[in-house]
Amino acid sequence: MDTKNVLMAIVLSTLVLVFWATFFEPPPVERQIVEDQIVKKEESSSPSIEKDKSSKKITRNEAIDYASRIKIENNNIKGSISLQGAIIDDIIFKNYNISLDSDEKVIFLNPKDTSKGYYIETGWASNSKEKLKLPLDNTIWKVKGNNLLTPNSPVVIEWDNNEGLIFTKKIELDDKFLFRITQSVKNTTDKSYEFFPYAQITRNYKPDVIPIYILHEGFIGMFDEELKEEDYKDIEDEKITTNSSKGWLGITDKYWLTAIVPEKGKEFKSEFFTTDGKYKANFIIKRPEVLGSNTSITNEINAFVAAKEVAVIDNYAEKMGIEKFDLAIDWGWFYFITKPLFFVIEYFFKLTGNFGVAIIILTALVRLAFFPLANYSFRSMAKMKILQPEMVRLKELHKDDKVKLQQDMMALYKREKVNPVSGCLPVLIQIPFFFAVYKMLYVTIEMRQQPFFGWIQDLSARDPTSIFNLFGLIPWDPPTFLMIGVWPILMGLTMYLQQKLNPTPPDPMQAKIFMFLPIFLTIILAPFPSGLVVYWTISNVLTIAQQWVIIRGTKVKTVR
């Protein structure tokens with residue numbers, strides 16, 4: 001088997017996979033449309049709590065000023081909760097700027113009457129034949145005591161329906177991103193009722209999502225050990241309904257997450273759906289809470305409004321026992337490689353203070369791990385390069401007898417102890433690491449806006465320079481497709497140098513294709529995160545050094 005053919009096939013196949021995964025999505029899986037929406041006593045449908053159908057939208061500041069509010073703040077978030085509906089609808093991430101060029105903080109949740117409305121509601125539903133007055137999204141709650149929600153001061157709000165039912169919510173906030181909502185109903189009548197606790201996330205709009213298969217953005221949930229990920233377009237024509245006894249659900253963005261977690265030990269029904277242009281994720285407890293005469297019932301709901309920091313998400317999953325909550329971060333198919341690699345890079349970041357340096361150290365460690373395998377491969381390729389004149393001679397000698405040519409070639413390989421496909425093995429093994437590094441750089445918020453040196457101020461973004469304006473010397477901003485920066489060019493050059501150390505394909509057409517390959521890869525990888533290009537470039541440099549040493553020390557028997 002010709003090593004060059006195999007290697008070229010592997011490289012080109014990898015590029016096709018990366019290109020396809022980056023710019024295209026697979027067709028959605030067909031699902032059975034849930035048509036049964038009849039309310040039953042044992043299994044109530046998710047409540048209709050969006051009573052205001054007005055299409056009138058106001059600004060964010062107007063919406064915040066309109067309703068009385070509870071201020072909230074800890075070390076990570078600030079904002080407020082609307083007393084109209086007891087809705088969590090005003091959240092700003094204190095530690096994240098919207099861009100490198102701005103000090104403006106990331107605004108995450110917005111009031112429901114704004115065009116970018118995004119909020120979380122909790123409450124009770126009932127299937128009682130008697131029409132009950134229940135708190136809805138326009139209900140005005142009253143604060144009992146403290147009016148500032150912090151990690152050290154929970155807030156209690158109350159609403160009396162004036163028909164013998166008193167609704168109370170105790171809202172607690174930790175120092176990160178968790179809201180714990182303990183809601184209760186007190187019955188002062190001589191009647192009994194049945195209530196179903198629920199929580200709902202509503203987004204008034206569909207965000208601009210880049211169609212990239214390597215990252216999921218949209219609806220997410222863990223239901224009885226099964227992870228479900230639904231795109232926005234998946235639910236536009238059908239409602240996705242799931243019954244489960246444990247889990248969580250929410251809406252995820254690249255770096256941010258809203259999630260709601262039902263009380264443990266209670267079966268629930270969840271729904272992902274869209275209505276009136278609004279996208280909703282909710283759950284409702286299936287078995288009703290029975291509220292007897294002169295008694296109370298209580299239910300606890302955990303709600304997350306989070307920046308997807310790995311340590312924080314992992315801590316919630318472990319300490320709170322939330323099933324596979326760490327998968328809220330999209331680690332991908334190579335989870336078992338990607339996540340450990342992140343911890344390695346994070347460790348070296350803490351030592352060096354620079355994620356770019358940490359990537360270089362990781363690259364060296366990966367090369368070191370594959371050092372023996374690479375040595376074997378490079379020795380074989382070095383021998384192949386030395387044997388090229390003899391291989392060309394055999395091809396000329398047996399150009400009309402392919403069987404004899406194969407026999408003599410195999411005899412040559414055996415005599416010189418050369419494996420013609422050994423050069424492919426290191427490439428095959430390192431492909432998962434390449435994808436894992438790419439995934440890690442793309443999805444982890446820890447990499448967001450992290451500088452390297454010089455012009456690289458964000459390792460998760462492309463190299464901002466371009467050869468077409470002489471790297472900034474010419475006052476012209478090239479179009480995006482011409483943004484081929486310094487690091488992609490360095491990667492291409494190192495790949496070319498590495499290629500020169502390998503045996504030249506005897507076929508002139510193959511030789512031309514391989515000569516063009518570094519240019520092709522430079523163009524393809526220019527838009528990729530600069531941290532990934534740094535990884536590949538340093539890997540090339542280390543490979544060149546290892547190959548050069550091996551070639552210098554490689555000898556073969558005298559060929560006759």
Side-chain angles (χ1 to χ4, degrees), residues 2-23 359-360 363-364 366-367 370 374 377-378 380-382 384-385 388 421-431 433-435 437-438 441 455-456 462-471 478 480-551:
D2 192 319
T3 304
K4 283 296 180 179
N5 281 334
V6 176
L7 183 58
M8 182 170 66
I10 292 170
V11 173
L12 293 179
S13 298
T14 302
L15 289 174
V16 170
L17 287 173
V18 172
F19 187 83
W20 182 266
T22 304
F23 297 104
I359 289 172
I360 291 175
T363 309
V366 171
R367 295 300 312 171
F370 294 114
S377 171
F378 294 155
S380 184
M381 285 194 293
M384 289 281 289
K385 186 170 185 178
Q388 268 196 308
V421 297
S422 62
C424 304
L425 192 56
V427 176
L428 284 173
I429 292 177
Q430 290 184 69
I431 284 175
F433 284 86
F434 172 80
F435 279 114
V437 171
Y438 177 31
L441 287 167
W455 62 94
I456 302 295
R462 69 188 298 162
D463 188 321
T465 59
S466 174
I467 191 174
F468 291 98
N469 63 4
L470 296 182
F471 311 110
T480 303
F481 70 92
L482 292 181
M483 294 292 290
I484 302 175
V486 175
W487 274 102
I489 291 172
L490 288 174
M491 185 214 66
L493 288 173
T494 56
M495 190 172 209
Y496 172 77
L497 292 175
Q498 182 183 348
Q499 194 179 91
K500 299 300 287 184
L501 294 175
N502 294 333
T504 303
D507 181 6
M509 181 58 68
Q510 280 189 11
K512 289 180 180 178
I513 291 174
F514 272 87
M515 187 181 298
F516 178 74
L517 190 58
I519 299 174
F520 177 70
L521 277 171
T522 298
I523 296 171
I524 289 294
L525 290 178
F528 279 55
S530 53
L532 181 69
V533 182
V534 169
Y535 171 85
W536 195 324
T537 305
I538 299 301
S539 181
N540 286 347
V541 171
L542 296 176
T543 300
I544 290 169
Q546 188 177 0
Q547 278 186 274
W548 184 80
V549 171
I550 290 172
I551 289 172

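Any value given below was found using the heavy atoms of this structure, including those in side chains, with hydrogens, waters and symmetry copies removed. We number each residue from 1, following the sequence as shown.
- With sequence neighbours left out, Thr494 forms a side chain to side chain donor-acceptor pair (under 3.5 Å) with Asn540.
- For the pair Asp463 and Val533, the minimum side-chain heavy-atom distance is 4.5 Å or more.
- To the nearest 0.5 Å, the span separating CD1 on Ile519 from CD1 on Ile524 amounts to 13.0 Å.
- The line from CZ of Arg462 to CG of Leu532 is 13.0 Å long, rounded to the nearest 0.5 Å.
- Minimum interatomic distance between Met483 and Ala526 (heavy atoms only, all atoms of both residues): O-CB, 3.7 Å.
- Within the model, atoms CZ of Arg367 and CG of Leu542 stand 7.0 Å from one another, a figure rounded to the nearest 0.5 Å.
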- Message: Using side-chain contact (heavy atoms from CB on, under 4.5 Å), reason through Tyr438 and Trp536 one step at a time and then give a plain yes or no.
- Response: CA-CA 10 Å; Tyr438 177 31; Trp536 195 324; over 6 Å; no
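- One distance of note links CE of Met495 with CD1 of Ile544; it measures 10.5 Å at 0.5 Å rounding.
- With values rounded to the nearest 0.5 angstrom, Phe520 atom CZ is found 7.5 Å from Leu517 atom CG.
- Of the possible donor and acceptor atoms, none in the side chain of Ser539 sits under 3.5 Å from a partner among the backbone N and O of Tyr535.
- Taking all atoms of both residues into account, the shortest heavy-atom contact from Ile360 to Val534 is CG1-CG1, 4.1 Å.
- Between atom OG1 of residue Thr465 and atom CD1 of residue Ile456 there is a gap of 6.5 Å, rounded to the nearest 0.5 Å.
- Nearest heavy-atom pair, Pro527 versus Ile523, reported as atom, atom and distance to 0.1 Å: CD-O, 3.6 Å.
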